[in-house]
Number of protein chains: 2
Amino acid sequence: MALIPDKTIGRLSLYRRILGRLLAERRTHVHSHDLAALSGGTAAQVRRDFMTVGYTGSPARGYDVQGLVKIIDEMLDGPDVQPIGLVGVGNLGRAVLTFFSGRRPNLKIVAAFDDDPDKVGRLIGGCPVHWVNEVERVVREARIRIGVVAVPAEVAQKVADLLVAGGVRGILNFAPVALRVPRNVYVEDLDVTMSMEKVAYYARMGSAAGQEERRDEG
Amino acid sequence: MALIPDKTIGRLSLYRRILGRLLAERRTHVHSHDLAALSGGTAAQVRRDFMTVGYTGSPARGYDVQGLVKIIDEMLDGPDVQPIGLVGVGNLGRAVLTFFSGRRPNLKIVAAFDDDPDKVGRLIGGCPVHWVNEVERVVREARIRIGVVAVPAEVAQKVADLLVAGGVRGILNFAPVALRVPRNVYVEDLDVTMSMEKVAYYARMGSAAGQEERRDEG
DNA sequence: ATCGCGTTGTGAAATAAATCACAGTGTGAT
DNA sequence: ATCACACTGTGATTTATTTCACAACGCGAT
C-alpha cells in the first residue's frame, strides 16, 4: 500500500460521500457502474481506483458499501480529528467556515484569523477569530497541520509563511497566486476565477472540446 | 488555432492575471522562466503553452507582455461581456457574488436566484436576486450562457436542469454531485470538501508524494 | 448439477500531459 | 564586425492517467 495517484485521492473523497448517501438508503452493495454513474466517471476507473487501494468486491454482488467506506476512511482520515486553521474571514472565509462546521467530523476548523478589529474576538460559525499576528503561535499550540488561505492575493504569501512557520503541512489556497512553500508542505489551489474563465471559454466555444462532460441526459 | 488542452486553458487564465500585475509594474517583457516562477510551473511548460496558442517571443527579450495579454484576451474572452446567472445566495453564493463584482470586466453576474423570501427582491453585490422559479425565464431573456450552481447537493440537479432549459452552455458547479447535463453543456466542478480532504491526506502523509508542490523556499 | 450471464480484477494498449534537450537566433559586449 | 551567451521553439521522450478487453468467478435459473 504505497503510491496512490493524486487524482485517485480526490475521487476517493467523492466516492465516500456518495457511499454515505447509499448507506442512508440502506443499500448494502454497489456495482462499479453504479458508482461511475453517480460520480461522473467510468466503471473501469472505479474498479481501478478500488484496486489501487486494495479493496476487492465480489463479481456477483459488487462492492460492500460499508467495507468501502471503512477502507476509504482509513485511507483519508487519520486516527484522530485533524484541526484546521483558516486565515481571512472575508466573504469567502466565512463561507468556508460555516460550510465546514460539523460537516466532516474528522476535519474541524478550530481557529480563524483576521486583521479586522470588528471580527477579532468574535465567534463565527462556532469558531473563535484571532488576531492575524497570532497565527504562528496558535497554530503551533493547537498542533494545527492544515491551513486555509482565504485572504487577498497581495498578502497570501505572507500568510502562508506564517502558517508554515507554525508547523502547517498542507494548505488549501484560495488566493490566485502560486505560494512558495518548503517541499514538505502540500498546497492545493482552488482558484474560482480560473474555473469561471474556463467555463466561460467552453460555454463560448461550444463545449464539444471540454473533457469534463461525460454525463448526458435522456 | 484549434485544439487547446483543457489544462492549458486554465493556465492561460493564470498567466493573464500575472501579466496584469507585470503590466502594472511597467514591465514590457517576460521570460518563460519568470512566468514559470510566478505561476508555479516550469519554463518549458510556459513556452509550450504559448506555442499552442501560437504566440511567439524573441530569444533576446522574451515575450511581449502586452502582446501576450492581447492574445490571451482574444482566446478567452468573447467580443462582448458574457452575462452570468448564479443560483443559491447562501454564504458561498454571496461570496462568489461579491468577489466577482467588477473583478473581470468581461464576466458579469447579472442575475442571482434564491428561494428565500428575505433575499428575493434585494440587491446583493449590485446584483438583483430573483425568485428561483424564474431561472429559466430570466436566463433566456438575458441571454445568459453561464450558470453558477451554489445550492445544496440535494437540489443541484434540479437547478442545473433549469439553467440548461434556459439555454446555459456552461456551469460552474460548487455542489458535490455529478450533474447530468446534455453533451453540449460544459460543467466545471469546484468541490471544496474534496480539496480539503486532499490537503488533509497529504498533510498527514508527509507531502513528499504530492505533485502540487513544485515551489521551494530559502 | 450444470449453464449462462453479468461483474470483477487486471495486463496491455491508448491517450494525455509534462519534460527533456538541443538547434536556431538575435543582442550586447568587445 | 565578430563572438559568446541566454533564450526561444519544438521534435522526441518520458511519465501519468485512462480506457480497453478479456480471463476468472459465482450466483440464479433450469
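Only a predicted model underlies this, so the values are computations on that prediction, with no experimental measurement involved.
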- So which one's nearest nucleotide on DNA chain D is more toward 5', B:His33 or A:Pro5? B:His33
- Distance in angstrom units between A:Tyr63 OH and C:dT8 C1', rounded: 6 Å
- Does any N or O donor sit under 3.5 Å from an N or O acceptor when you compare the side chain of A:Arg48 with the base of D:dT19? yes
- So, is A:His31 near the phosphate of C:dG6, with a side-chain N or O under 4.0 Å from OP1 or OP2? no
- Item | CZ (A:Arg21) with more than 12 external heavy atoms under 6.0 Å | yes
- Counting primed atoms, P, OP1 and OP2 as sugar-phosphate and everything else as base, the B/S/- map of nucleotides 21-30 of chain D against protein heavy atoms under 4.0 Å is B---B-S---
- CD (B:Glu74) with more than 12 external heavy atoms under 6.0 Å: yes
- Item | Whole-Å distance separating the CG atom of A:Asp49 from the P atom of D:dA16 | 17 Å
- Message: Please report the distance, rounded to the nearest Å, between CZ in B:Phe50 and C1' in C:dA18.
- Response: 16 Å
- Task: Nearest whole angstrom, please: distance from the C1' of D:dG9 to the CE of B:Met51.
- Result: 7 Å
- Message: Can you tell me which nucleotide in D:dT19, C:dA17, C:dT19 comes closest to the side chain of B:Lys7?
- Response: C:dA17
- Message: Do B:Arg104 and B:Phe100 form a cation-pi contact, if we require the NZ or CZ to be under 6.0 Å from the six-membered ring centre and within 45 degrees of the ring's axis?
- Response: no
- Task: Please report, rounded to the nearest Å, how far the P atom of C:dA17 is from the CD1 atom of B:Ile9.
- Result: 11 Å
- To the nearest angstrom, how far is B:Gln45 atom CD from D:dT8 atom P? 15 Å
- If you round to the nearest 0.5 Å, how far is CG of B:Leu92 from CG of B:Leu97? 10.5 Å
- Task: Find the distance A:Tyr55:OH to C:dT10:P and express it as a whole number of Å.
- Result: 15 Å
- Contact class for B:Thr8 vs. all strands (heavy atom < 4.0 Å): base, sugar-phosphate, or nothing? nothing
- Query: Do A:Gln82 and A:Asn106 have side chains that get closer than 4.5 Å, going by heavy atoms?
  - Reply: no
- Task: Could you verify whether a donor N or O on one side chain and an acceptor N or O on the other, from A:Asp49 and A:Gln45, lie under 3.5 Å apart?
- Result: no
- So does B:Arg145 have more than 12 non-hydrogen atoms from other groups sitting under 6.0 Å from CZ? no
- Task: Take atom CG of A:Asp6 and atom P of C:dA17, then tell me their distance rounded to the nearest Å.
- Result: 15 Å
